[in-house]
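To keep things clear, I will list the structure first and then write my remarks on it.
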Amino acid sequence: MGSDCLFCRIVAGEIPATVVRETDTTLAFRDIGPKAPVHVLVIPKEHYADVATLAQGDPALAADVLATSAAVAEDEGLLGDGFRLMFNTGAYGGQEVFHVHAHLLGGAPLGPMLARDLA
Ligand code: 5GP
Ligand code: ZN
């Protein structure tokens, strides 16, 4: 993937990001347009388009993304009051960047799971 993918370029250091945690396999950095007091994106360094592709293709790497998310939640002081971990996926999920990323959101009450009740 590489040069065509925004988050691969962040992994490569070609685009700056505010990195809060890095492991051999994952990177966590602050979202450029935060929607909550804490809004961190957690990605595998290896390119997978979305969470379904990642979970089916490399479950251990998916677990690494969760473990890094939990470590960042702890570092950011979110474990007590709670947080939300979210993977927007595909068109209906509103995904805009097609390198899988967990949105870690917290630091304030986050409101309803969806803006509107669609059921
Ligand atoms: P999605 O809609 O794909 O779930 O989320 C993409 C997220 O990436 C958005 O929340 C957006 O603010 C964030 N984003 C887009 N471009 C950049 C960037 O260049 N740097 C950072 N740190 N975040 C970005
Ligand atoms: Zn990528």
Side-chain angles (χ1 to χ4, degrees):
M1 199 63 195
S3 62
D4 288 343
C5 171
L6 178 64
F7 288 174
C8 281
R9 295 188 69 191
I10 287 177
V11 170
E14 295 169 10
I15 293 175
T18 304
V19 172
V20 297
R21 180 170 281 263
E22 180 170 10
T23 70
D24 286 349
T25 58
T26 67
L27 192 69
F29 52 94
R30 297 201 188 278
D31 195 292
I32 204 168
K35 300 286 196 296
V38 175
H39 188 171
V40 172
L41 302 176
V42 184
I43 67 171
K45 289 180 174 175
E46 189 178 343
H47 183 92
Y48 285 89
D50 59 38
V51 69
T53 314
L54 170 64
Q56 292 174 348
D58 192 340
L61 184 56
D64 289 349
V65 171
L66 290 185
T68 296
S69 300
V72 174
E74 183 170 32
D75 288 347
E76 298 285 328
L78 304 182
L79 295 188
D81 289 328
F83 59 90
R84 189 170 292 162
L85 193 63
M86 201 172 73
F87 293 90
N88 294 328
T89 305
Y92 277 16
Q95 185 176 5
E96 292 179 351
V97 177
F98 286 84
H99 181 132
V100 58
H101 49 283
H103 292 264
L104 174 64
L105 296 155
L110 296 170
M113 186 164 60
L114 298 176
R116 297 180 284 128
D117 190 345
L118 301 172

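In each ligand, atom 1 is the first atom listed, and ligand 1 is the first ligand listed.
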Once rounded to 10 degrees, what value does the angle at the Zn ion (ligand 2) take between SG (C8) and SG (C5)?
120°
Does a side-chain N-to-carboxylate-O contact under 4.0 Å join R30 and E76?
yes
Atoms of ligand 1 close to F29 [distance to a heavy atom under 4.0 angstrom, numbered from 1]:
22 (N)
For ligand 1, which atoms sit closer than 4.0 Å to a heavy atom of L6?
16 (N), 17 (C), 19 (O)
Would you mind running through ligand 1 and noting each atom that sits below 4.0 Å from a heavy atom of G94?
2 (O)
Does E22 have more than 12 heavy atoms from other residues, nucleotides or ligands lying within 6.0 Å of its CD?
yes
I need the atoms of ligand 1 closer than 4.0 Å to a non-hydrogen atom of H103, numbered in the order shown.
1 (P), 4 (O), 5 (O), 7 (C), 10 (O)
Tell me, please: is K35 in heavy-atom contact with ligand 1, that is, under 4.0 Å?
no
Under 4.5 Å between side-chain heavy atoms, hopping through other hydrophobics if needed: is there a path connecting L105 to L78?
no
Find the distance between CG (L41) and NE2 (H99) and round it off to the nearest 0.5 Å.
10.5 Å
Say whether L104 and V97 are linked into one hydrophobic cluster, either directly or through other cluster members, by side-chain heavy-atom distances under 4.5 angstrom.
no
For atom 3 (O) of ligand 1, what's the nearest protein heavy-atom neighbour? Residue, atom name and distance, please.
E96 N, 2.7 Å
Quick check on the hydrophobic clustering: are Y48 and L6 connected, directly or via other members, by side-chain heavy-atom contacts under 4.5 Å?
no
May I have all residue pairs that pass ring-ring contact (aromatic ring centres under 6.0 Å, His included) and include part of residues 61-94, sequence neighbours excluded?
none
Does some non-hydrogen atom of D31 fall short of 4.0 Å from ligand 1?
yes
Ligand-side contact atoms (ligand 1) for residue partner Q95, heavy atom cut-off under 4.0 Å:
3 (O)
With R84, which residues qualify under salt bridge (charged side-chain N to carboxylate O under 4.0 Å, His left out), at least two apart?
none
Could you check atom 24 (C) of ligand 1 against the protein and tell me its nearest heavy-atom contact, residue, atom and distance included?
I32 CG2, 3.4 Å
Look up atom CG in D64 and atom CD1 in I43, then write down how far apart they are to the nearest 0.5 Å.
13.0 Å
Starting from L66, can I reach V72 by hopping between I/L/V/M/F/W/Y residues whose side chains sit under 4.5 Å apart?
yes
Using a strict 4.0 Å cut-off to heavy atoms of F7, name the atoms of ligand 1 that fall inside it.
8 (O)
Min heavy-atom dist M86 to ligand 1 below 4.0 Å
no
Within the 4.0 Å heavy-atom shell around H101, which atoms of ligand 1 are there?
1 (P), 3 (O), 4 (O), 5 (O), 6 (C)
So is T18 touching ligand 1 or not, going by heavy atoms under 4.0 Å?
no
Output the atom name for the N/O/S atom of H99 with the smallest distance to the Zn ion (ligand 2).
ND1
Checking heavy atoms under 4.0 Å, the part of F87 that sits near ligand 1 is neither
Contact atoms of ligand 1, heavy-atom distance to G33 under 4.0 Å:
12 (O)
For N/O/S atoms only: which one belongs to H47 and is nearest the Zn ion (ligand 2)?
ND1
